Undergrad: 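Below: one structure in structure tokens.
Heavy-atom basis, side chains included; hydrogens, waters and symmetry copies ignored. Because the structure is a prediction, the values reported are computed rather than measured.
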Amino acid sequence: MSLRALSPPAIRPPFARYSHGIVVPAGHRLVFTSGQLGIAGDETIPADSEAQSDLCFANIAAILAEDRMTLADIVRLNAYVTAREHMQGYMRSRDRQFPGTPPSSTLMIVSGFSRPEFLVEIEAVAAAPDPS
């Protein structure tokens with residue numbers, strides 16, 4: 001799917017590499033992921049936000065693959081970090097995942113997650129053509 005970004009000239013351009021809005025054409029199915037944390041299948045948790053973000057995106061990619069989608073099908077991200085110093089690591093990881101039109105996105109700073117070693121949580125909405 002080729003994403004079409006909505007960037008009205010009447011509002012300020014995005015602060016970073018994301019789209020203000022994304023159009024999902026008719027005839028597409030949607031997948032909504034739960035928030036993913038930076039934890040590997042072997043229970044290891046990297047110490048920095050960029051590596052945790054990479055794991056979050058890998059987990060999201062695995063979820064999307066269950067319905068024959070990829071990260072390229074993502075139209076919306078919600079991301080949460082526990083401090084401002086973790087924003088840059090998350091953004092570097094995010095920007096590597098989306099070299100084309102970036103999805104719409106929200107990034108929030110929160111007080112914490114279920115375990116103190118978690119620094120980032122990411123959830124996604126993806127859309128792909130309905131095969132029927």
Side-chain angles (χ1 to χ4, degrees):
M1 174 177 75
S2 178
L3 297 182
R4 184 167 66 92
L6 301 176
S7 298
I11 64 175
R12 187 195 182 287
F15 283 100
R17 202 171 166 284
Y18 62 89
S19 297
H20 278 308
I22 294 291
V23 175
V24 176
H28 282 64
R29 66 192 194 282
L30 299 175
V31 170
F32 296 80
T33 72
S34 293
Q36 296 300 303
L37 295 163
I39 186 168
D42 65 2
E43 302 290 323
T44 58
I45 301 169
D48 68 278
S49 63
E50 188 167 354
Q52 285 192 24
S53 296
D54 289 344
L55 272 174
C56 292
F57 282 116
N59 292 344
I60 290 168
I63 294 165
L64 296 178
E66 289 287 304
D67 196 42
R68 301 172 320 281
M69 290 189 194
T70 70
L71 294 178
D73 295 309
I74 290 176
V75 296
R76 173 89 180 127
L77 291 171
N78 287 326
Y80 312 89
V81 297
T82 56
R84 278 186 173 73
E85 61 264 23
H86 303 309
M87 291 171 53
Q88 290 304 314
Y90 159 73
M91 290 165 61
R92 281 190 300 273
S93 177
R94 178 200 62 199
D95 291 351
R96 277 195 308 276
Q97 312 303 321
F98 304 99
T101 302
S104 64
S105 182
T106 297
L107 174 59
M108 292 176 263
I109 299 169
V110 297
S111 62
F113 301 113
S114 58
R115 290 171 40 188
E117 58 267 42
F118 293 128
L119 306 174
V120 179
E121 183 169 345
I122 305 170
E123 59 188 29
V125 177
D130 194 342
S132 57

Undergrad: Of all the heavy-atom pairs spanning Val120 and Phe113, show the shortest one and how long it is.
TA: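 Shortest heavy-atom separation between Val120 and Phe113 comes out as N-CE1, 3.6 Å.
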
Undergrad: Heavy atoms only: give me the nearest Ala126-Met69 pair and the separation to one decimal.
TA: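 Looking at all heavy atoms of both residues, the closest pair is CB-SD, 3.6 Å.
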
Undergrad: Cut-off 3.5 Å, no hydrogens considered: what does the side-chain donor-acceptor table look like for residues 32-40, sequence neighbours left out?
TA:
from	atom 1	to	atom 2	distance (Å)
Thr33	OG1	Ala124	N	2.8
Thr33	OG1	Ala124	O	3.4
Gln36	NE2	Ser34	O	3.2

Undergrad: Does a side-chain heavy-atom distance below 4.5 Å link Ser104 with Arg76?
TA: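 Yes; the side chains approach each other to less than 4.5 Å.
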
Undergrad: For a quick test of reading the model, state the closest non-hydrogen atom pair linking Arg29 to Pro131 and the distance between them.
TA: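 Heavy atoms only, the tightest pair is NH1-CD, 3.7 Å.
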
Undergrad: What are the two closest non-hydrogen atoms of Tyr90 and Leu77, and how far apart are they?
TA: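 Tyr90 and Leu77 have their closest heavy atoms at OH-CD1, 3.9 Å.
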
Undergrad: Return a table of donor-acceptor pairs under 3.5 angstrom between the side chains of residues 10-23 and protein atoms on other chains or two or more places apart.
TA:
from	atom 1	to	atom 2	distance (Å)
Arg17	NH1	Phe98	O	2.6
Arg17	NH2	Phe98	O	2.9
Arg17	NH2	Pro99	O	3.0
Arg17	NH2	Gly100	O	2.5
Tyr18	OH	Phe15	N	3.2
Ser19	OG	Pro102	O	2.6
His20	NE2	Arg12	O	2.7

Undergrad: Is a side-chain donor or acceptor of Arg94 paired with a backbone partner of Ala79 at a separation under 3.5 angstrom?
TA: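 Answer holds: no.
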
Undergrad: Does Glu85, at its CD atom, have more than 12 non-hydrogen atoms belonging to other residues, nucleotides or ligands within less than 6.0 Å?
TA: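 Yes, CD of Glu85 has more than 12 neighbouring heavy atoms, counting only those of other groups under 6.0 Å.
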
Undergrad: Calculate, to the nearest 0.5 Å, the distance between atoms CD and CD1 belonging to Gln97 and Ile74 respectively.
TA: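 Nearest 0.5 Å value for the CD-CD1 distance: 8.5 Å.
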
Undergrad: Taking a hydrophobic cluster as the set of Ile, Leu, Val, Met, Phe, Trp and Tyr residues connected by side-chain heavy atoms closer than 4.5 Å, whether directly or through intermediates, do Ile60 and Met91 fall within one such cluster?
TA: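 As far as the 4.5 Å side-chain criterion goes, Met91 and Ile60 are connected within one cluster.
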
Undergrad: Do Leu55 and Phe118 share a hydrophobic cluster (ILVMFWY, side-chain heavy atoms under 4.5 Å, transitive)?
TA: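 Different hydrophobic clusters.
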
Undergrad: Is there a donor-acceptor pair under 3.5 Å between the side chain of Gln52 and the backbone N or O of Glu117?
TA: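 Answer holds: yes.
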
Undergrad: Same cluster or not: Leu107 versus Ile109, using hydrophobic residues (I, L, V, M, F, W, Y) connected whenever any side-chain heavy atoms lie under 4.5 Å apart?
TA: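 They do share one cluster, since a chain of ILVMFWY contacts under 4.5 Å joins Leu107 to Ile109.
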
Undergrad: Do Asp73 and His28 come within less than 4.5 Å of each other through their side chains, counting heavy atoms only?
TA: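 Result no, sub-4.5 Å side-chain heavy-atom pair not found.
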
Undergrad: Return the minimal non-hydrogen interatomic distance between Ala47 and Leu119, and the atom names on each side.
TA: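 Shortest heavy-atom separation between Ala47 and Leu119 comes out as O-CD1, 3.3 Å.
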
Undergrad: Side chain of Asp95, backbone of Arg92: donor and acceptor closer than 3.5 Å?
TA: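 Looks like no, no N/O pair under 3.5 Å.
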
Undergrad: Do Val75 and Ile63 share a hydrophobic cluster (ILVMFWY, side-chain heavy atoms under 4.5 Å, transitive)?
TA: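 In one cluster with Val75: Ile63, no.
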
Undergrad: May I have the step-by-step check of side-chain contact (heavy atoms from CB on, under 4.5 Å) for Asp48 and His86, ending in yes or no?
TA: CA-CA 8 Å; Asp48 68 278; His86 303 309; over 6 Å; no

Undergrad: Please examine the side chains of Ser49 and Val81, heavy atoms only from C-beta on, and report whether any two atoms are closer than 4.5 Å.
TA: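 No. Closest side-chain heavy atoms not under 4.5 Å.
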
